[in-house]
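Okay, structure first, notes after.
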Number of protein chains: 2
Amino acid sequence: MSDKKLTLNDIAKLCGVGKSTVSLVINNSDKVKKATRERVEAIIKEQGYTPSKAAQALRSQREKIIGVIVTRLDSASENQAIRAILPQIYQHEYDAILMESLLDPTLLAAHLNVLAQRNVEGVILFGFSGVDKSLVKGWKDKLVLISSALPEVASVVYDNVGAVNVLMEKMRDAGHRSVSYIGVTTNDPTTGNIRYQTYLERCAAFGMTPHAALGDLSYQSGYDLAKGLLTAESGALICASDTIAMGAIKYIQQQGWKIKVGSIGSTPLMTFLQPDVLSVKMGYQQAGLKASQLLLEMLHGTRTQEHIVIPCTFQ
Amino acid sequence: MSDKKLTLNDIAKLCGVGKSTVSLVINNSDKVKKATRERVEAIIKEQGYTPSKAAQALRSQREKIIGVIVTRLDSASENQAIRAILPQIYQHEYDAILMESLLDPTLLAAHLNVLAQRNVEGVILFGFSGVDKSLVKGWKDKLVLISSALPEVASVVYDNVGAVNVLMEKMRDAGHRSVSYIGVTTNDPTTGNIRYQTYLERCAAFGMTPHAALGDLSYQSGYDLAKGLLTAESGALICASDTIAMGAIKYIQQQGWKIKVGSIGSTPLMTFLQPDVLSVKMGYQQAGLKASQLLLEMLHGTRTQEHIVIPCTFQ
DNA sequence: CTGTTAGCGCATTCAT
DNA sequence: ATGAATGCGCTAACAG
């Protein structure tokens with residue numbers, strides 16, 4: 001570590017060859033005599049030389065970087081997806097730069113700007129309601145959207161319809177004639193709208209009267225809405241997320257009621273604290289995997305924009 | 001967005017000035033006549049020109065990037081710190097690249113390597129027991145360690161001693177003659193050792209008999225250890241973290257016991273679910289703030305390595 | 001004050 | 001198969 005940083009040039013004269021030869025070796029070209037290649041590789045390893053990313057980027061006009069923009073760093077579901085994404089990215093010799101949109105379109109735009117300035121090759125974006133065409137304009141072929149979809153952009157979405165359907169069926173099969181619902185209006189249109197609409201639809205199909213309340217994604221909202229919505233006679237409740245369910249359950253337990261709760265998420269905390277809750281897993285890590293694979297292949301030109309649906313699983 | 005990317009050169013001839021003049025304007029040098037500066041700035045804005053980061057980096061031999069390495073992306077405490085760090089970094093025109101060490105020294109080394117290759121200017125590192133001198137060698141003047149300390153490296157640490165002291169005093173003042181403790185052996189030596197040692201010390205000072213169990217940072221560990229450690233006669237329990245406390249409380253409630261619990265962390269979930277728990281806040285966001293400020297000033301050369309202690313607060 | 005010049009480290013022609 | 005030359009976009013000396 002004492003030496004200053006070596007350059008391609010240094011390696012070249014150290015090996016007694018030209019710079020381009022070294023360059024070819026680095027880029028795994030087959031246009032180098034085997035003997036020469038091995039000698040150069042030996043010196044490179046011995047000297048611990050690594051090519052300058054900055055120079056490579058300047059020369060090739062593209063950074064080997066992929067931007068990943070989550071809505072919130074402390075989102076349990078997005079965390080699971082990220083855990084699948086990052087290894088993929090690193091494995092393909094890319095670096096990742098992780099950012100947080102906080103569900104703010106303005107902040108998202110700023111982040112996309114930074115990424116554009118950096119000339120990053122691709123972006124994985126966790127969607128929310130503020131994400132529209134104008135924001136992702138110019139990223140069409142190098143952007144994968146997770147959890148929400150947009151025309152002209154590759155996306156990986158969850159099976160929200162299936163998740164609610166499963167829970168509703170389980171409740172009905174357990175003999176419940178009425179099922180309440182607590183969801184969200186704000187933030188993510190996927191979580192909010194689709195799940196709610198599916199609930200309404202299932203109610204109609206099952207001949208049930210809908211009984212729902214919508215709020216935000218917080219514990220407190222779940223608690224407050226439960227208080228306004230439920231009664232001692234409520235038999236079953238479906239919550240749009242584990243966080244909401246956590247709040248609702250607190251209220252239910254305080255009242256000493258016996259209500260069957262179903263929730264979407266299946267976070268470790270929920271399964272630990274409330275193993276009786278009916279839980280649907282949305283396949284977050286799988287979504288991350290698919291999204292990063294898709295993006296990588298799109299950048300590689302071996303695949304085009306797609307629309308992938310991740311199935312949910314009941315446990 | 002239809003034009004190809006403009007370069008400094010394009011702007012220069014568009015303004016009818018030399019490239020260096022434009023460069024000076026970009027870098028806010030005062031060596032430019034006001035009239036010229038304004039004209040150039042106008043064109044720059046009008047054309048939406050942004051300098052190439054890659055070229056800047058190559059030329060100046062340093063990327064305006066700061067690496068942030070957390071132990072786990074889903075750590076609530078580290079998340080709070082990050083929320084304070086990122087805005088600081090962006091505000092100073094740096095970009096952040098966020099990585100996860102998973103408490104694995106090998107992975108950490110790999111990440112530091114990547115950052116070194118990228119020539120990042122500085123690193124903020126969340127410490128754990130595997131972090132030693134050899135790993136951070138070569139980063140001495142551009143690395144700030146959070147939550148653990150090392151000689152020759154700037155660091156920001158939490159007041160673990162104070163936190164345990166506060167809880168022990170509250171317990172004693174509430175009349176408890178015996179206080180149990182559930183902590184951790186693994187991972188973070190700070191969380192583990194210091195808190196445990198302080199507990200033992202306080203017990204001695206208060207003439208109490210220590211009654212402790214150590215495990216890992218999971219809910220389950222808290223639950224299991226509580227089962228082995230507590231009895232119906234236990235009056236008070238201190239947990240080294242909210243996660244552990246969550247597990248212990250579940251066991252306590254199952255038994256129907258009445259035990260006063262104190263915990264370190266004060267996460268939103270804990271204060272929502274268990275408002276009766278005695279909670280000590282460690283000042284995570286403040287630590288993030290201090291750490292990023294310190295690093296930025298170190299890079300700026302206006303400050304040298306320091307060792308900062310963040311006070312804890314009881315609520 | 002402003003224009004000119006010379007590289008930063010690398011990849012990509014073109015010669016050889 | 002390999003060396004020499006060119007330029008990516010920018011900054012820093014040096015001129016003017």
Side-chain angles (χ1 to χ4, degrees), chain A residues 3-44 47-65 93 95 114 116-121, chain B residues 3-44 47-65 93 95 114 116-121:
Chain A
D3 338 74
K4 52 186 67 174
K5 215 157 188 242
L6 291 166
T7 78
L8 191 160
N9 222 332
D10 301 326
I11 299 292
K13 49 185 68 152
L14 222 48
C15 299
V17 303
K19 338 176 2 177
S20 60
T21 306
V22 180
S23 179
L24 289 177
V25 170
I26 290 173
N27 298 327
N28 294 314
S29 164
D30 53 346
K31 293 177 161 291
V32 174
K33 200 170 21 179
K34 203 179 171 197
T36 316
R37 151 180 299 280
E38 280 167 358
R39 187 156 48 85
V40 173
E41 280 175 339
I43 304 264
I44 286 181
Q47 299 291 334
Y49 162 76
T50 49
S52 152
K53 301 273 187 192
Q56 286 182 321
L58 176 58
R59 180 62 209 172
S60 64
Q61 297 293 35
R62 48 178 217 157
E63 297 263 10
K64 289 216 89 182
I65 294 184
E93 310 258 61
D95 287 339
V114 170
Q117 280 182 46
R118 283 259 173 220
N119 272 305
V120 304
E121 288 198 45
Chain B
D3 339 73
K4 52 187 66 174
K5 215 155 190 246
L6 290 167
T7 77
L8 192 161
N9 222 334
D10 301 326
I11 299 292
K13 47 184 70 151
L14 222 49
C15 299
V17 302
K19 332 173 12 173
S20 60
T21 306
V22 180
S23 179
L24 288 177
V25 170
I26 290 173
N27 298 326
N28 293 315
S29 164
D30 52 346
K31 293 175 162 293
V32 175
K33 197 168 27 174
K34 203 176 171 201
T36 316
R37 150 179 301 279
E38 280 167 357
R39 187 157 48 85
V40 173
E41 280 176 339
I43 304 264
I44 287 180
Q47 299 291 334
Y49 162 75
T50 49
S52 152
K53 301 273 187 192
Q56 287 181 320
L58 176 58
R59 186 61 243 224
S60 62
Q61 299 292 28
R62 49 181 212 150
E63 297 264 10
K64 288 215 90 180
I65 294 185
E93 310 260 60
D95 287 339
V114 170
Q117 280 182 47
R118 283 256 173 222
N119 272 306
V120 304
E121 288 197 46

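Convention: sequence-line order gives letters A, B, ...; per-chain numbering from 1. These numbers were taken from a predicted model, which means no experiment stands behind them.
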Restricting to pairs with a member in residues 14-33 of chain A, which pass side-chain hydrogen bond (donor to acceptor under 3.5 Å, both in side chains), not counting sequence neighbours? none
Between the first and last five pairs of the helix from C:dC1-D:dG16 to C:dT16-D:dA1, the angle of the axes, rounded to 10 degrees: 40°
Would the distance check show the side chain of A:S60 and the main-chain N or O of A:Q56 forming a donor-acceptor pair, the cut-off being under 3.5 Å? yes
Across the strands shown, which category fits B:K31 at heavy-atom distances under 4.0 angstrom: base, sugar-phosphate, nothing? base
Take B:Y49 and B:I43, measure what side-chain contact (heavy atoms from CB on, under 4.5 Å) needs, and give me the verdict at the end. CA-CA 8 Å; B:Y49 162 75; B:I43 304 264; over 6 Å; no
Taking salt bridge (charged side-chain N to carboxylate O under 4.0 Å, His left out) as the definition, give me every residue that meets it alongside B:R62, ordered by chain and number, with sequence neighbours left out. B:E121
In whole angstrom, give the distance that lies between atom NZ of B:K64 and atom P of D:dT11. 11 Å
Over how many whole Å does the gap from A:R37 atom CZ to D:dT2 atom C1' extend? 14 Å
A:T36 versus A:V32: any side-chain heavy-atom pair under 4.5 Å? yes
In whole angstrom, give the distance that lies between atom CG of B:L24 and atom C1' of D:dG9. 16 Å
Earliest and latest nucleotide of DNA chain C, 5' to 3', sitting under 4.0 Å from a non-hydrogen atom of chain B? C:dC1 to C:dG9
Using heavy atoms and a sub-4.0 Å distance, could you list which residues of residues 51-58 of chain B are near DNA chain D? By number, please. B:P51, B:S52, B:A55, B:Q56
Could you work out, with salt bridge (charged side-chain N to carboxylate O under 4.0 Å, His left out) as the rule, every residue matching B:D95, not counting sequence neighbours? A:R118
Base, sugar-phosphate, or nothing: which does A:L8 touch, judged by heavy atoms less than 4.0 Å apart? sugar-phosphate
On DNA chain C, compare the nucleotides closest to A:T7 and B:K33; which residue's is nearer the 5' end? B:K33
Which residues pass the side chain to side chain contact (heavy atoms under 4.5 Å, CB included) test with A:A54, sequence neighbours left out? A:S52, B:A57, B:L58, B:E63
Do B:E93 and B:K64 come close enough that some side-chain heavy atom pair is under 4.5 Å? yes
Distances under 3.5 Å between protein N/O atoms and the N/O atoms of nucleotides 12-16 of chain D, please, pair by pair.
none

Rounded interatomic separation in angstrom, taking CD1 from B:I11 and P from D:dT11: 13 Å
Is any side-chain heavy atom of B:Q47 closer than 4.5 Å to a side-chain heavy atom of B:I11? yes
Identify, with sequence neighbours excluded, every residue that meets side chain to side chain donor-acceptor pair (under 3.5 Å) alongside B:Q117. none
Checking A:E41 now: which residues fulfil side chain to side chain donor-acceptor pair (under 3.5 Å) with it, not counting sequence neighbours? A:R37
